[in-house]
Structures are given as C-alpha cells and as structure tokens.
Amino acid sequence: MLQPQYKKNWLPLYLLTLTSLFILLEISFFIQASSEYLGVFKIVTYHLKIPTSVFPGLAYFLSMQLLIHLVYAFFIWSLAFFIGIALRLSQAQVEKIGIVLWILGIATILLANQYFYPDSKFSALTRSIFSPLLDKMLLIILITTFSITIFLALSGLLNNRHRFLIASVLLMLVFLTTVEHYSASSNTSAATTTKPNIIIIGVDAVRPDFLGYFGDSKATPRLDAFLNQATVFSEALTPLARTYPAWVSILTGQYPKKNGARFDLAEHIQFDLHETLPAILQRNGYQTIYATDETRFSNIDQRFGFDQVMTPPIGFNDFLLGSLNDFPLSNLLVNTVLGRYLFPYSYGNRAAYITYEPTTFLNLMQPALVASHTKPLFLAVHFCLPHYPYIWAGRLTNTSPLHNYQQALHQADQQVYSLLQRLKKNHLLEHSVVILLSDHGEALELPGDRVTEPDLFIPGADKHIPRFYPPSVAEEQVNQSAGHGTDVLGLTQYHAVLAFRFFGVETQTAHVIPGRVSLLDIKPTLLKLLNLPDKYHDGKSLLSSIAGKQLTIAPQPDFFIETDFTPVAVRSVNPETRKVLFEGIDYIQIDPNTTRLSIRQSMVNLILSSKQYADFYGPWVLALYPQDKHWMMPVLVNLESGKWTTDLRTAFAKQSPAQHMLQALKKFYGDDITQVKHINH
C-alpha cells in the first residue's frame with residue numbers, strides 16, 4: 001500500500017519544543033511548591049560535606065526523567081504517524097493531530113496523577129481546578145479517546161511496509177517489561193519438621209490496643225485471624241522504641257546498651273555480628289534473607305548475617321531522590337516493572353510515601369519467594385506502613401493523625417495477609433515458624449499514652465506535677481505522649497505485638513500468655529527450638545509457653561528500657577521535617593564511600609546524656625528523666641494502682657523496691673546515670 005508522501009516533517013520538532021516547555025513548567029512549579037524541601041536541602045548542604053559519590057545517582061535520576069519525557073514525545077509522534085497512515089492524512093493534518101494528542105496526553109497524565117497520587121504536589125494544583133468526581137469522569141473520557149487512537153495507530157502499523165520489524169520490536173519490549181513479573185520457577189522448600197522455615201514478620205509502630213484482637217473497635221481482620229491461631233504474649237516490651245535499635249536487639253538478643261545500637265543510624269555496633277540470629281542460622285544450613293521497605297534510619301544489611309537483602313538503596317540519595325521524585329510522568333511509572341530500574345530510590349520505598357504502593361514492596365520480594373530453595377529459609381520482613389506520616393499512594397492526608405494511623409493499620413493488615421498468601425502459595429508455610437511482631441508501639445497524644453495520671457500523683461518535695469518535656473502544638477498533658485522512643489513512661493510506645501504460630505512443626509496451643517516478656521526473647525526461643533546453642537543473649541526462651549506447658553510468665557526482675565535521641569521537634573504527632581533537621585543536622589555525617597548517614601562519634605556522649613532510662617520490676621517502674629547534664633528526675637509508678645511520685649523519700653516510695661531499682665539502673669547503665677534528685681542517701 002502506498003504511503004503518504006511528506007515534504008518535511010515538523011512534528012518531531014513541535015513535540016520536542018512542547019515537551020521542553022512542559023519540563024520547564026514542571027521544574028518551575030516544583031520549585032514553588034517545594035520551598036520547604038529545597039530549604040531543607042540547602043541546610044543539609046551547608047552543614048554536611050556532600051561527597052561526590054552521591055552525584056552519579058543524581059545524574060542517573062535526572063537522565064531518567066529526561067528519558068521518559070522524550071519517550072512520551074516519541075510515543076505521541078508514533079501515534080500521529082500511524083494514524084496518518086491509517087486515515088491517509090496530509091502532513092499538516094498529522095501535525096495538528098500530533099499536537100492535539102500531546103495536549104490530551106499531558107491532560108491525561110495530570111489527571112491520572114491526581115487520581116492515583118492525591119498527595120502529590122501536582123495533584124494539589126489540578127485538584128484546585130478539577131474535583132475528584134470530575135477528575136475521574138474526564139480521565140475515563142481521555143483514556144477511552146486514547147484507546148481509540150491506539151487502535152487506529154495499530155491499524156496504520158499493519159499497513160506500514162516495516163510492520164513486521166516494528167511489531168517485533170514492540171512485542172519484545174512488552175515481553176521484557178512483563179517477563180520478570182510473571183516468571184516463576186518450580187518452587188520447592190527444603191524445610192523439615194526439625195529444620196523449619198523461620199519467618200519473622202515485623203510491622204512498624206503497631207500498638208496492640210489498636211488491633212481488633214485486643215478489643216479495638218476498628219477491626220484488623222487478617223492480623224486478628226493470625227493471632228487467633230497463635231500463642232500471643234500480651235505484655236511484650238521493646239528495649240528501645242525505635243526501629244533500628246529494636247531490630248538489632250531482635251537479631252542479637254541483647255540490650256542496646258550491650259550491642260551498641262542505642263540510637264538510629266548507629267554504625268559502631270559492639271556486638272559480635274558472628275553471633276546474631278541470622279549468622280548462627282546461616283552457619284547451620286539456613287538461607288537468610290532480610291527485606292524492608294524503609295531504610296533511612298535503619299541500616300540492617302548483610303553484616304548481620306544475611307545472604308540477601310531486599311530494600312530500597314541505602315544512603316543519602318534515598319533521602320534526596322526518594323523525596324525529590326514527585327513529577328506526574330515518573331509518578332505513573334514508579335510502581336511498574338520499569339519503575340524498579342528507572343527510579344530505584346522510589347520503587348517499593350515507604351519513605352517516598354506519595355507514590356508508595358503496598359503491593360510494590362511485595363513484588364520486590366517476589367523473586368526470592370518463588371525461587372527454589374535448597375536450604376531452609378530464615379526470612380525477616382519489616383513493613384513500615386503504620387509509621388508516620390501514616391499515608392501512602394491513593395490516599396490524601398487527613399488532618400487527624402489518629403484517623404491516618406488507623407487507616408494505615410488497616411492497610412498493613414491487608415499487606416501482611418498478602419505476604420502470608422504468597423508464602424503459602426510458594427509452599428513456604430508447610431513447615432515453618434512464623435513470628436508476628438511490632439518493633440515498638442506508637443503514642444498519639446491520647447489520654448493514657450503516658451501512665452502518669454494527674455489525679456494519682458503523690459507530691460513530695462515538689463508539690464506540683466512536673467512537665468516531662470516541652471509541650472507540643474496540641475498542649476500535651478501529663479498523661480499524654482507522642483511518637484515513639486521519646487518517653488519511657490509512654491508505655492504505648494514500648495508495648496509491642498509478639499506472637500508465635502507453628503505450621504507443621506510442633507504442638508502449639510493458641511492462647512494469650514500474660515506476663516512481661518520482650519523482643520530479646522525471640523532469639524533464645526528460636527535457637528532452643530532448633531537445639532542450637534546460644535550463649536550471647538539477655539532474653540529467655542518462651543518455648544514452654546508456646547507449647548502450653550507454662551500458661552503465665554513468672555515475674556522477671558529488672559527489665560531495662562531507654563529512649564533514643566529525641567529533639568523537641570520529634571515529640572509531636574505531627575513532626576515537621578524542617579524542624580527535626582534543624583535540631584539534628586549537626587549530629588549526622590555522610591560516609592564518602594557508601595553515602596550512608598550515621599551519627600557522628602563526637603556527638604554520641606551528647607545523645608547519651610539526653611536519654612531517659614527506666615527499670616521494670618514486678619508491678620513497678622522507675623524512670624529517670626535528665627533535667628540537665630548533672631541531675632535526673634526520678635518518677636516512680638505502680639502500674640497496678642497507677643499511683644506515682646517524683647520523690648523517692650515519700651512513704652509511697654519507701655514501701656516500694658525503688659532503691660533496688662535505682663541501684664540496678666546505675667549498675668546496668670553505669671556513668672550514663674547522673675545524680676538523682678529526691679532520694680535517700
């Protein structure tokens with residue numbers, strides 16, 4: 001068939017010009033809408049020495065942004081060209097159609113970005129013009145229009161003399177973009193009853209009292225169903241309510257004071273990493289895998305004994321590019337198979353919350369799940385959906401942090417269920433031990449989030465109820481607390497989910513076990529189950545309780561907890577990134593080789609001097625709050641009666657084990673404990 005004869009094709013130039021103008025408009029709007037982000041970046045570059053090793057990642061990101069815009073222009077040109085062949089149009093008509101299609105395509109991209117990523121900065125712009133309902137209606141019309149144009153273009157393609165070559169190239173591209181997603185091997189599992197798969201599923205910041213299983217009205221049906229068939233420890237504590245220290249304690253079985261991970265971004269681990277749980281299992285024939293969707297403040301990697309780590313890239317570019325990448329065209333590609341390679345700092349990255357899709361992170365893990373395993377598997381997975389800011393792709397920020405948190409828990413409920421279904425489909429649950437846990441809880445400035453009720457205060461030398469730290473925007477009361485790792489008496493921060501469920505391994509009774517346990521107990525429990533020695537741990541085995549032989553946990557003396565580095569800006573349910581950075585930037589350094597962020601060694605003592613400490617002893621808790629570099633305020637609480645005091649010379653305190661607890665804290669933490677006010681000398 002004859003092809004239309006064109007004297008000179010101006011359409012590519014027109015499309016490149018329009019695309020260049022669109023890129024400039026995107027950049028201009030991004031700068032105007034991101035003044036806070038750019039201001040933060042300016043602060044970072046001023047205070048930190050940015051190594052040249054970060055620039056290749058930045059250059060790659062900019063190149064991919066340019067590439068996808070050029071591909072868009074080429075796609076529009078191709079549509080117009082083949083429509084011209086199908087309809088036997090003149091060159092001028094093809095040019096007009098190309099320009100119209102380009103405009104309609106940009107409109108489709110912007111409206112799709114508003115629909116799928118409502119928290120995007122560009123969505124805020126289009127939402128001021130198009131309501132959600134109008135957005136959806138127009139999007140349906142535009143997609144229908146493009147479907148018709150693509151059909152016409154395919155018709156033109158079939159009439160092109162190079163149709164076979166072009167069709168082959170298109171089919172190859174489709175194949176390459178889908179083969180990874182749909183590929184699967186003949187999965188086999190090497191797990192047995194004596195060497196079962198060990199699967200730890202952690203969900204960030206889940207406070208047990210917000211689960212339906214523990215009576216909350218906002219049901220979490222999938223998590224509840226799992227817990228209903230598990231051994232649940234209802235009074236589990238974390239030794240430090242931040243993700244990285246908590247997970248290091250899980251993997252080592254030791255307190256942060258002993259393993260050295262006493263704050264996020266701690267690089268100087270004192271614990272022998274050859275004695276972590278994954279390292280021990282690795283030496284005993286296990287394949288060890290770790291996966292998480294957030295690594296900005298928790299740098300768990302192969303050093304801990306993992307054969308494979310599936311995470312977003314760790315380092316400064318995660319902070320920079322994960323937050324920078326908010327452009328309509330790239331947003332629509334991030335969660336595709338191509339997005340994994342085009343935008344690795346955003347794909348499956350919870351910290352890039354604007355485009356984070358829960359299923360994308362599961363897809364990131366999929367190759368490891370479908371592989372044929374010649375060894376039993378140790379898999380540790382950590383989901384961060386319930387972490388602040390509690391939102392993700394497809395959901396616009398609500399003004400209520402409580403509502404956002406509840407919705408995030410509901411979404412995490414589905415995410416955990418999806419993982420369990422994938423594990424089951426790939427035969428990884430047939431002989432397995434699954435541990436469901438939260439690394440810590442969350443305080444939401446609700447009454448009771450701190451255990452110090454004002455009407456139960458027992459005055460001593462100080463007649464007035466103290467303020468534990470500066471009030472937040474919400475005018476925090478003495479029985480309220482915010483965040484996690486900020487307050488040792490904010491027990492909703494330190495109360496964690498901990499449940500064990502056996503699949504085809506040993507006899508287990510599904511019930512609730514009361515009594516204080518901790519995340520330190522996971523390692524000794526698993527190693528005892530596998531009959532493996534473990535001489536480096538501070539926890540205790542819970543195996544007899546899981547087997548139904550011990551239905552209550554005997555009172556344990558002296559369980560210690562501490563806070564992390566807690567600038568004032570963090571002590572809120574709405575922490576502002578800019579303020580947090582202002583207060584913490586001088587504490588951080590960037591490794592010039594790995595681009596990883598870590599706490600400066602010179603700042604460690606300042607962080608330690610700002611920590612709060614507490615000891616649990618039976619129904620009592622004694623907390624120490626630093627007032628300055630010389631003095632600490634004691635707070636003694638009876639958890640059964642709720643009564644509390646800040647004076648250890650009161651009759652209430654003298655009838656308690658306060659003096660024993662104070663000596664235990666001094667012995668355990670050493671010089672970290674300074675002079676304590678209002679005690680018997």
Side-chain angles (χ1 to χ4, degrees), residues 1-30 62-114 122 125-126 129-130 138-177 327-333 336 338-339 342-343:
M1 182 173 290
L2 296 175
Q3 309 296 322
Q5 298 298 316
Y6 305 130
K7 293 180 180 179
K8 193 164 186 178
N9 190 348
W10 291 98
L11 182 58
L13 180 61
Y14 295 154
L15 295 179
L16 286 175
T17 302
L18 287 171
T19 303
S20 299
L21 289 173
F22 180 64
I23 292 173
L24 291 175
L25 287 172
E26 284 184 293
I27 294 172
S28 176
F29 177 76
F30 182 85
L62 296 175
S63 299
M64 292 305 101
Q65 286 286 351
L66 179 61
L67 175 64
I68 62 175
H69 284 79
L70 292 177
V71 169
Y72 169 72
F74 176 76
F75 172 71
I76 296 297
W77 174 83
S78 300
L79 283 181
F81 178 80
F82 288 116
I83 289 172
I85 293 175
L87 302 180
R88 302 185 62 79
L89 303 176
S90 67
Q91 178 64 52
Q93 290 172 318
V94 170
E95 289 174 354
K96 290 178 181 178
I97 285 178
I99 293 172
V100 170
L101 287 177
W102 186 92
I103 294 171
L104 292 177
I106 293 298
T108 305
I109 290 168
L110 291 172
L111 291 173
N113 182 68
Q114 178 182 332
F122 290 85
L125 174 65
T126 57
I129 304 171
F130 305 103
L138 289 175
L139 191 57
I140 291 172
I141 294 171
L142 287 170
I143 290 175
T144 302
T145 302
F146 266 92
S147 298
I148 295 171
T149 60
I150 290 172
F151 176 79
L152 287 173
L154 289 174
S155 176
L157 171 64
L158 293 175
N159 291 321
N160 187 272
R161 63 176 178 270
H162 301 299
R163 57 185 176 272
F164 294 113
L165 175 61
I166 296 171
S168 298
V169 171
L170 291 175
L171 288 173
M172 181 61 69
L173 288 174
V174 171
F175 173 77
L176 291 175
T177 56
F327 296 92
L329 192 52
S330 61
N331 285 354
L332 297 178
L333 290 172
T336 66
L338 283 176
L342 294 175
F343 305 108

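Here, residue 1 is the first one in the sequence, and each next residue gets the next number. Nothing here was measured: the structure is a model prediction, and the numbers come from that model.
Taking the six-membered ring where tryptophan is involved, the planes of Phe29 and Phe122 are tilted, since the angle between them lies from 30° to 60°.
Expressed to the nearest 0.5 Å, how far CD of Gln91 lies from CG of Leu11 amounts to 7.0 Å. Of the inter-residue distances, the one linking Leu104 atom CG with Thr149 atom OG1 reads 8.5 Å to the nearest 0.5 angstrom. Distance check: Leu79 CG to Leu101 CG gives 6.0 Å after rounding to the nearest 0.5 Å. In this structure, Thr144 OG1 and Leu139 CG are separated by 9.0 Å, a value rounded to the nearest 0.5 Å. Here the CD atom belonging to Gln114 is positioned 9.5 Å from the CG atom belonging to Leu138, to the nearest 0.5 angstrom. From Phe75, atom CZ reaches atom CG of Leu70 across 15.0 Å, with rounding to the nearest 0.5 Å.
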Inset, instruction - Apply the test side-chain contact (heavy atoms from CB on, under 4.5 Å) to residues Gln65 and Glu26: give CA-CA distance (whole Å), side-chain angles for both, the deciding distance (0.1 Å), then the verdict. - result: CA-CA 11 Å; Gln65 286 286 351; Glu26 284 184 293; 5.9 Å; no
Inset, instruction - Evaluate the criterion side-chain contact (heavy atoms from CB on, under 4.5 Å) for residue pair Tyr14 and Trp102; output intermediate values, then yes/no. - result: CA-CA 10 Å; Tyr14 295 154; Trp102 186 92; over 6 Å; no
Inset, instruction - Show your reasoning for whether side-chain contact (heavy atoms from CB on, under 4.5 Å) applies to Ser330 and Ile68. - result: CA-CA 8 Å; Ser330 61; Ile68 62 175; 3.8 Å; yes
Inset, instruction - Using the side-chain contact (heavy atoms from CB on, under 4.5 Å) rule, take Leu154 and Phe82 through it: C-alpha gap first, then chi angles, then the decisive distance, then the call. - result: CA-CA 7 Å; Leu154 289 174; Phe82 288 116; over 6 Å; no
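When all heavy atoms of Thr336 and Leu332 are compared, the closest pair comes out as CG2-O, 3.9 Å. For the residue pair Pro328 and Leu110, the shortest heavy atom distance occurs at CG-CD2, 3.7 Å. Scanning all heavy atoms of the two residues, the minimum distance from Gly98 to Ala80 falls at CA-CB, 3.7 Å.
Thr19 pairs with exactly one of Ile23, Thr17, Leu21 by the side-chain contact (heavy atoms from CB on, under 4.5 Å) rule, that one being Ile23.
Looking at Ser28, its side chain never comes within 3.5 Å of a backbone N or O of Leu24 through a donor-acceptor pair. Of the possible polar contacts, none joining the Tyr72 side chain to the Leu329 backbone as a donor-acceptor pair under 3.5 Å is found.
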